[in-house]
2 protein chains.
Amino acid sequence: MDKKTEQKKVFLDIVQQLRQLIKLEKIQAGEKLPSERVLSERLGVGRSSVREALRSLELLGLIETRHGGGTFLASTQKHQLVEILSMFILEDEKSKKDVELTRQIHEKEAIRVISCTETLRTLPVWDSFFVKLEIEGTINCRDVLREIIITSGNRLSLKVWFQLAVYDGDRLNRNSTEEEKIIIQTMLKSMQLGYEKEALKAYEQWMRIVQSN
Amino acid sequence: MDKKTEQKKVFLDIVQQLRQLIKLEKIQAGEKLPSERVLSERLGVGRSSVREALRSLELLGLIETRHGGGTFLASTQKHQLVEILSMFILEDEKSKKDVELTRQIHEKEAIRVISCTETLRTLPVWDSFFVKLEIEGTINCRDVLREIIITSGNRLSLKVWFQLAVYDGDRLNRNSTEEEKIIIQTMLKSMQLGYEKEALKAYEQWMRIVQSN
DNA sequence: GATTAAAAAGTGGTCTGGCCACTTTTGAAC
DNA sequence: GTTCAAAAGTGGCCAGACCACTTTTTAATC
């Protein structure tokens, strides 16, 4: 008995089959999916059921639909985990805190990994941040954190982080204050020198400022 | 101009309105929502649109439907956000190593949190593990890690971990060996005493064994 | 041949109405 | 009061229709 066919609900079955279809036909982000009518025929189900599945994926930001244009596979950046989370779950403060803490878990680990890895902590990108801070006097907070996560090399961690960072969008996607500038410099410099503890200390100091905003 | 009414797509509008309805009528987890036909009439939209919205929320595990019974608000524990996203995110580029590392990131953080928190590290559950190890001589590896994550108190982290643990299912869901027993005891004891560093050291020693399997 | 405008085809958005399967409620017989 | 069958309520699914919008095709013009 195939797991896929013993699904109770058609629309859930369709979600599974869409996943397979995307995989088999190697549909890339941004590319077009078969039309609702074609899917309906190919899968042998009603168009309304296909729509229920597509709309579910759309709510998650996994696909995008253009009226009259078609249905397209969305890019990873557009997944809307957090939008939905904030709508139904993040009502209470506890959940908001969880999102923030989870994001920080990944950031802290990235800092540890980089500090302990010669080839990563000596990367020229860190110097470029110093230069930018010198010239412009400020830097985008989110950019710094993103670069740290990217450099750590764990792509899955990056994806999780990306989702979580959307939620704190306003607090992170802004230029650093004068106060933060010094802390960020300390953090980066410590990281470059492999001083894991100091780097984390600076990071936590920075996050306390971020949180107070 | 009301944000709710300027939505382009009806089904997204309905998702919003459902949220309001749940809030206004104070519908608790497990309680029944109005029927699809009633919602259709109350919101002045077609039943198919209502279904598209409901099916979207069902995919997320935010609501549960019982054929012939009705639609019910799901309990928080049943939300499947991470699971669904992982279906699309993890499947394609599943770098096994990334999954493993990411899982460990959450486990290590949980150990840190527990070690540093008086009320958590002195919980009786840890003693119960010792008792079990004494009597049965072994313990399920996954159970130990799960308890650690749960105790750390970050529900989102737990959700992420749960999903990642599925991939390492075989390596984790088994009884500990004699060699592991001692390491686990060391880890738990260090954690209980608040020796964060020692606990993590034992953990990493344990993971090296797990990885070699 | 290239450009442009109109027509046609394709596609998503939505609604109506129908039928089925299952659950809950109702009400009558006991 | 209990039991059980009928009725009502509800979700599951489908077919068809119409609209709005986009893309492609076609035809006319330059």
Side-chain angles (χ1 to χ4, degrees), chain A residues 2-18 21-22 25 27-75 78 80, chain B residues 3-18 21-22 25 27 29-75 78 80:
Chain A
D2 188 5
K3 279 179 187 173
K4 268 76 188 183
T5 54
E6 69 184 8
Q7 276 284 6
K8 287 170 194 170
K9 310 201 177 188
V10 172
F11 99 94
L12 287 176
D13 191 19
I14 295 174
V15 169
Q16 292 278 0
Q17 294 203 44
L18 279 172
L21 186 145
I22 290 168
E25 305 202 357
I27 297 174
Q28 303 295 316
E31 290 183 359
K32 199 171 175 179
L33 266 60
S35 76
E36 296 179 352
R37 289 172 178 82
V38 169
L39 284 172
S40 167
E41 201 172 336
R42 275 177 57 172
L43 304 180
V45 296
R47 192 184 152 208
S48 54
S49 294
V50 170
R51 280 186 62 81
E52 287 177 11
L54 288 175
R55 260 8 85 206
S56 299
L57 298 180
E58 186 180 357
L59 185 68
L60 285 171
L62 294 173
I63 61 172
E64 287 176 346
T65 52
R66 297 171 207 158
H67 190 179
T71 307
F72 303 82
L73 189 59
S75 63
K78 297 191 174 170
Q80 301 181 349
Chain B
K3 279 180 186 174
K4 268 75 186 183
T5 53
E6 70 185 7
Q7 277 286 3
K8 288 170 193 170
K9 310 199 177 188
V10 171
F11 100 94
L12 285 176
D13 192 19
I14 296 175
V15 169
Q16 292 276 4
Q17 294 202 45
L18 279 172
L21 186 145
I22 289 168
E25 305 202 357
I27 297 174
E31 289 182 0
K32 198 172 177 178
L33 266 61
S35 75
E36 295 179 353
R37 289 173 178 82
V38 169
L39 284 173
S40 166
E41 202 173 337
R42 276 177 57 172
L43 304 179
V45 296
R47 193 185 151 207
S48 54
S49 294
V50 170
R51 279 185 62 81
E52 287 178 12
L54 289 176
R55 257 13 83 205
S56 297
L57 298 179
E58 184 179 358
L59 183 69
L60 293 175
L62 295 173
I63 60 171
E64 287 175 346
T65 52
R66 298 173 206 156
H67 191 180
T71 307
F72 303 81
L73 189 60
S75 64
K78 297 190 176 171
Q80 302 178 349

Letter per nucleotide, 5' to 3', of nucleotides 4-13 of chain D [B base touched, S only sugar-phosphate touched, - untouched; heavy atoms, 4.0 Å]: -----BBBBB
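Between the C1' atom of C:dT11 and the CD atom of A:Glu41 lies a distance of 15 Å, rounded to the nearest Å. Nucleotide C:dT23 holds its P atom 15 Å from the CD atom of B:Glu64, rounded to whole Å.
Using a cut-off of 4.0 Å between Lys/Arg side-chain N and Asp/Glu carboxylate O, B:Arg47 and B:Glu52 are scored as not salt-bridged.
With sequence neighbours left out, the side chain to side chain donor-acceptor pair (under 3.5 Å) criterion links A:Thr71 to no other residue. Under the rule for a side-chain contact (heavy atoms from CB on, under 4.5 Å), the partners of A:Arg42 that lie at least two apart in sequence or sit in another chain are A:Leu21, A:Glu25, A:Pro34, A:Val38.
Counting heavy atoms from C-beta on, the side chains of A:Phe72 and A:Arg66 come closer than 4.5 Å.
When atom types are taken as modelled, the side chain of A:Lys32 and the backbone of A:Gly69 share a donor-acceptor pair closer than 3.5 angstrom.
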